[in-house]
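What follows is a set of notes on a single structure, which appears directly below.
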Number of protein chains: 4
Amino acid sequence: MARPKSDDKRNSILAACQAVIVRDGLSATTADIAKEAGIATGSLFTYFPTKADLLNELYVVLKSEMTAELAGALTGGDDKEKLRRAWNAWTGWAAANAGKHQALELLRTSDQLTDRSREFGEAAVRPVFDLISLNAAGKATGITPGFLFELINVVSIATMDNMASYPDRAVEYRDAGFEAMWRIIQ
Amino acid sequence: MARPKSDDKRNSILAACQAVIVRDGLSATTADIAKEAGIATGSLFTYFPTKADLLNELYVVLKSEMTAELAGALTGGDDKEKLRRAWNAWTGWAAANAGKHQALELLRTSDQLTDRSREFGEAAVRPVFDLISLNAAGKATGITPGFLFELINVVSIATMDNMASYPDRAVEYRDAGFEAMWRIIQ
Amino acid sequence: MARPKSDDKRNSILAACQAVIVRDGLSATTADIAKEAGIATGSLFTYFPTKADLLNELYVVLKSEMTAELAGALTGGDDKEKLRRAWNAWTGWAAANAGKHQALELLRTSDQLTDRSREFGEAAVRPVFDLISLNAAGKATGITPGFLFELINVVSIATMDNMASYPDRAVEYRDAGFEAMWRIIQ
Amino acid sequence: MARPKSDDKRNSILAACQAVIVRDGLSATTADIAKEAGIATGSLFTYFPTKADLLNELYVVLKSEMTAELAGALTGGDDKEKLRRAWNAWTGWAAANAGKHQALELLRTSDQLTDRSREFGEAAVRPVFDLISLNAAGKATGITPGFLFELINVVSIATMDNMASYPDRAVEYRDAGFEAMWRIIQ
DNA sequence: AATGAATGAGAATTCATTCAT
DNA sequence: CATGAATGAATTCTCATTCAT
């Protein structure tokens, strides 16, 4: 296999895609993405057969990277501690990777995202979902777990947005966001 | 803003635009919008010089319509009552105008939206913002009013989304959402 | 209706298409065809939604034009006279419209041609087919009418090719071709 | 024509090319041809510097194979017998090698075929041409040998097409085609 | 004004050919 | 030599905007 399809190149295309859509929006051009990745326009398509495929893959990869942060966070301590660590890990990632977080937000609302990708995103996040459901059980009246999670989700996103926008006050926002979330599920 | 010939036609274009972007996403075509409005493709441009102008105007109009609901809600009773009425009015509008609410969400994340439009949207919402700031004062530690409002905002959006998605449980979601919000600002 | 879609322009696109595919083959570019027609690249597509549509339409139009020549030829006189007149009309058209005839040949073998177009071409030619079947009845042993017609068809095409290639001997080729055909059906 | 490394591989590329253009038309991809041949895309170009070269070579090879059938047919017996044997050999080959015959037809009308290849094709067929000229001499009035041969050629092609399409009646078509041809040259 | 055809600058994707491994 | 990824010019088609009628 001469010149094997390199993971490096694949990753650099994904990184370029992320950077360019943050800069130019989802209407960013495959040509621009390729240029940013330092490859020829045609080469992009040997790695991703379609622009939609690239966008979906980027979503999945970023979502995976984001949730990888949770790995260690959910073990040890009581539930509030677990949630606190999860929250910190999660929002910390977003603050440290503002561009990736923004790209994720753009992709989430894109009409190019397939159901498959959306489902993947939900599955990646399920452990936290379960932990929250557990803690909220019997507390919030009339609230379904799905809705509860949706609330938590948007609160976390808003928190990360703010952390990314005002890095020097990031920790404050992080903690305030956690308090808000905790109040919701209590 | 000089009034063009026919406000009726202008409004029907805005309505068509709203319907079409909900159906087809923000990549909807000016030709499709014109067809939905029952006019010729060229005519659209005598009312809106640019597609971006149309989208921004739609945002402003929908935001205005949405906040008009608040008019009566903010007078009389204690603050919680005021907020409750505002909340009900607001989410009620979104539930009853699911398409408009969705369009607003699509536009909010669009890279076509100008700062001007974004500022307008914020201004329209300021009375509620102030009310919330007032109530939260001194409570939530370290939380800025802007961030607080951002949190409330996304909670309300998530609530409206759910209300629109499950109309028969709309009231439950509305109330649960309010409780969540109220806990945040306490 | 401002600036109605003009038949003139439609026809000039068809004419340009014919000229260009004779010059460059079926791989001729829509851009080249548009340029030859004196219109913008995009305009071609307001008349023909697809390159394949254009090619098929050209085939149908040329085939119609070709068979229109037969209109008067098939009435009066005995069958041999009818056939003689049909033959002369037909080959005469091809000789006088060499480019159109060549285009027709290119299109006939194209993999872009739909079954619909092919059927149209056969239908247009049926009157002659019937006349030939009638005359050949009981003569050629074991030969089916379909095969017979196919033979006549290729003989006529070869005749037209030669007439077009050597215009000053066109009449000779025409008559020799007719004799060949007549011998086949006797 | 210097022999490249492996004749086997060269032949398998030609065979693959023939199969693929019958399946997909002349717009078949060099990548597809290579895949069908079981080699890498790049390897194709060590055997044929250009796609056009490959197509022309295929034409020449198939034409050679086809005319090789005539070798023994043209000796012994009177002219009609010779022609009959030639006809049977020829059409028999096409019927037994439908794909090759089709490929030859596609290539004949291709704009990729060079004059050189076309000339080769004519030369390969000259012995039959001469035999026909001899027999037709003085008979068909005003008909040139070239035109005569052209007529015979298309009649043979139509015959082979039909034989390939309806294999169980192949012999009937073969004989009927011969009779048609014989009548033309008488 | 209204109409809708005309415009032409892109956009995504393809593919013959090259070249690093 | 073989491999198959890399290249980038070329292709079809789209669409916001203009403009003749």
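Order of the sequence lines fixes the chain letters, A, B, ..., with proteins taken first and strands second; residue numbering starts at 1 for each chain.
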Atom [atom1] of [X] and atom [atom2] of [N]: how far apart are they, to the nearest Å?
X: B:Arg10; N: E:dA2; atom1: CZ; atom2: P; value: 13 Å
X: B:Leu54; N: F:dC15; atom1: CG; atom2: P; value: 16 Å
X: A:Gln112; N: E:dA11; atom1: CD; atom2: P; value: 14 Å
X: C:Lys35; N: E:dG8; atom1: NZ; atom2: C1'; value: 13 Å
X: A:Phe48; N: F:dA6; atom1: CZ; atom2: P; value: 12 Å
X: D:Ile33; N: E:dT14; atom1: CD1; atom2: P; value: 17 Å
X: B:Asp32; N: F:dC15; atom1: CG; atom2: P; value: 8 Å
X: D:Leu55; N: E:dT17; atom1: CG; atom2: P; value: 10 Å

Open item on the list: Strictly by salt bridge (charged side-chain N to carboxylate O under 4.0 Å, His left out), give each pair with a member in residues 13-30 of chain D just once, sequence neighbours left out.
Closed with: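 Output for this query lists D:Arg23-D:Glu36.
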Open item on the list: Quick one about B:Thr114 and B:Ser117 (side-chain donor to acceptor, distance below 3.5 Å, no hydrogens or angles considered), yes or no?
Closed with: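 Yes.
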Open item on the list: Looking at C:Asp53, is its backbone amide N or carbonyl O close enough to the side chain of C:Thr50 to form a donor-acceptor pair, meaning the two atoms are under 3.5 Å apart?
Closed with: no
Open item on the list: Dot-bracket for DNA chain E, please. Rules: Watson-Crick or G-U, both distances under 3.5 Å, ( ) within the strand, [ ] when a pair crosses earlier ones, | for another strand, . otherwise.
Closed with: .||||||||||||||||||||
Please enumerate all residues that pass side-chain hydrogen bond (donor to acceptor under 3.5 Å, both in side chains) together with [X], with sequence neighbours excluded.
X: A:Ser27; answer: none
X: D:Asn97; answer: none
X: B:Asp32; answer: none

Open item on the list: OP1 or OP2 of E:dA5 versus the side-chain N and O atoms of C:Tyr47: is any pair under 4.0 Å?
Closed with: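 No.
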Task: All side chain to side chain contact (heavy atoms under 4.5 Å, CB included) counterparts of D:Ala164, not counting sequence neighbours - done: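 Per chain and number, D:Ala164 pairs via side chain to side chain contact (heavy atoms under 4.5 Å, CB included) with D:Ala98.
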Task: side chain to side chain contact (heavy atoms under 4.5 Å, CB included) partners of B:Ala15, counting only residues at least two apart - done: none
Kindly list each side-chain donor-acceptor pair under 3.5 angstrom involving residues 99-112 of chain D, sequence neighbours excluded, with atom names and distances?
from	atom 1	to	atom 2	distance (Å)
D:Lys100	NZ	D:Glu65	OE1	3.2
D:Lys100	NZ	D:Glu65	OE2	2.7
D:Glu105	OE1	D:Arg108	NH2	3.0
D:Glu105	OE2	D:Arg108	NE	3.1
D:Thr109	OG1	D:Leu106	O	3.1
D:Ser110	OG	D:Gln112	N	2.8

Open item on the list: Using a 4.0 Å heavy-atom cut-off to protein, can you give one letter per nucleotide of nucleotides 7-13 of chain F, 5' to 3': B if the base is in contact, S if only the sugar-phosphate is, - if neither?
Closed with: BBB-SSB
